[in-house]
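Notes to accompany the following structure.
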Amino acid sequence: MTPDPAITGATGRLTIDLDALAANHARLAAHVAPAECAAVVKADAYGLGIAPTLRTLVAAGCRSFFVAHLAEAHEAKPLLPDDADLYVLNGLVAGTEALCASAGIIPVLNTIAQAVRWQALAQQSGRPLDAALQFDSGMSRLGVAPEEARSLAQDPDFRKWVRLRLVMSHLACADDSAAPANGAQADAFDAMAALFPGVPRSLANSGGIFLPARFRHDLVRPGIALYGGTPSDITAPSMRPVVRLEARIVQLRTISAGTGVGYGLTFRPDGPRRIATLGVGYADGWPRSLSNRGAAWRGGKRLPIVGRVSMDSMAIDVSALPEASIAEGDWVDLIGADQTIDPVAADAGTISYEILTSLGRRYARRYVGGFGAQGAE
Ligand SMILES: *Cc1c(COP(=O)(O)O)cnc(C)c1O
């Protein structure tokens, strides 16, 4: 077989640990039992790859999945067993009702107009259709207002033609366990959910899972915690890291005091330094805000990023390593055991979600463990 240049020539490589993903799901599921632990797999499973993620989570026993877009649902649906439920969080886009129904995808109804259109399709086709109904419990993002929830609850035709599988809402401050908004949203959610007795309830995302038990209801919807992010400020069990990102040294040099590095020459050391150029840049999703901030790691040593992050490369100071211990072609860790996605995000002034969902397409990807061992070096 001819070697694949995208793999052999890659200067960045991403390793996704499917055993860690399965372990994180098991941990969350045990924490919330007897509530069901679903999985949020929007945005290509937070950038980790929808197919291996679904294969792993299905094998782990997960049967409820959430994506954001109908197109994502169409990609996910054939990868799921018949007994799995697949929900579209962003709602029912006008004109997509028949597509959604024929594919067996469950829309999250966020507005009265969406509810009306879904009900109309059900009546036309003469069979009730499944849906979730989202309440706005205080975030002002998606979902019906309390008075709208009441009118739907009191509408016998809606109740007859739309078979509600779930009522749900979303927390604005779940990662901040002390935020008073959490309790207020839980109260608002409970009041609206009470209008639909017997319908399963869902409020918690990853952060909500580690709030008190009243936030767990019947089903929880973790995303980031599955993928190794720290879900909350509470002393939650730290989740197992799922992602390792390595960058290759494409050039090494020693510079003298005062020599500039990178665009704008924004780094000028006060003494001689050993500088390595890595073949990863902002076009690979490595944030440009990490210019002169953050670090790579190798052999337990922190190697600071120096100068500006370029499109395809960036420089690190490797002076902390013995000169003979590294060479062109060697790899350093950008995300890994020494530095998980949370500190990378903090250095970049963002959140772990953005780091994961920005991961570039140029990396050589490897899936290890579980059911996905494949890929290559
Ligand atoms: C993205 C999303 C989730 C998952 O959130 P995490 O913080 O990643 O756990 C859950 N519910 C809704 C409605 C979402 O949009």
Side-chain angles (χ1 to χ4, degrees), residues 21 24-25 27-29 31-32 35-48 50 53 57 62 64-70 72-73 76 85-92 106-111 114 131-144 165-177 179 181-182 185-186 188-189 192-193 200-211 215-234 236-240 242-243 340-342 345 350-359:
L21 172 67
N24 287 341
H25 185 268
R27 199 158 177 173
L28 297 171
H31 185 79
V32 302
E36 180 185 349
C37 188
V40 178
V41 294
K42 59 193 180 189
D44 198 30
Y46 288 41
L48 303 193
I50 188 71
T53 297
L57 292 172
C62 185
S64 296
F65 298 89
F66 293 83
V67 293
H69 297 178
L70 184 60
E72 294 174 344
D85 291 328
L86 178 60
Y87 297 89
V88 180
L89 291 167
N90 270 8
L92 184 62
I106 307 175
V108 174
L109 305 174
N110 288 324
T111 67
Q114 292 173 15
L133 178 63
Q134 178 151 224
F135 306 136
D136 174 21
S137 59
M139 188 180 179
S140 310
R141 187 174 74 167
L142 294 169
V144 297
R165 300 287 308 281
L166 197 66
V167 289
M168 59 172 281
S169 190
H170 191 55
L171 295 166
C173 307
D175 56 340
D176 175 5
S177 57
N182 292 328
Q185 281 198 267
F189 176 66
M192 284 188 266
R201 303 173 182 190
S202 175
L203 179 61
N205 64 338
S206 297
I209 286 172
F210 296 98
L211 293 173
F215 288 86
R216 287 174 211 151
H217 301 90
D218 300 302
L219 177 146
V220 298
R221 308 184 309 268
I224 196 71
L226 292 172
Y227 310 117
T230 300
S232 102
D233 61 335
I234 304 184
S238 59
M239 309 310 296
R240 265 176 66 178
V242 175
V243 173
T340 64
I341 50 178
D342 292 296
T350 183
I351 52 176
S352 56
Y353 302 69
E354 196 177 31
I355 298 294
L356 288 186
T357 57
S358 301
L359 290 170

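Both ligands and their constituent atoms are indexed starting at 1 by order of listing. Just so it is clear, the structure is predicted and the values come from calculations on it, not from any experiment. Every heavy atom of this structure was used, including side-chain atoms; hydrogens, water molecules and symmetry mates were not.
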Option among Val167, Asn110, Leu109 that satisfies the side chain to side chain contact (heavy atoms under 4.5 Å, CB included) test with Gln134: Asn110
Residues lining ligand 1 [heavy-atom distance under 4.0 Å, listed by chain and residue number]: Val40, Lys42, Tyr46, Leu89, Arg141, Met168, His170, Asn205, Ser206, Arg221, Pro222, Gly223, Ile224, Tyr353
Gap separating the CE atom of Met168 from the CG atom of Leu219, nearest 0.5 angstrom: 9.5 Å
Min side-chain heavy-atom separation Leu166-Val108 under 4.5 Å: no
Candidates Cys62, Pro222, Ser64 - the one meeting side chain to side chain contact (heavy atoms under 4.5 Å, CB included) with Cys37: Pro222
Plane angle bin for Phe66 and Tyr87 - parallel if under 30°, tilted between 30 and 60°, otherwise perpendicular: parallel
Listed partners of His25 passing side chain to side chain donor-acceptor pair (under 3.5 Å), at least two apart: none
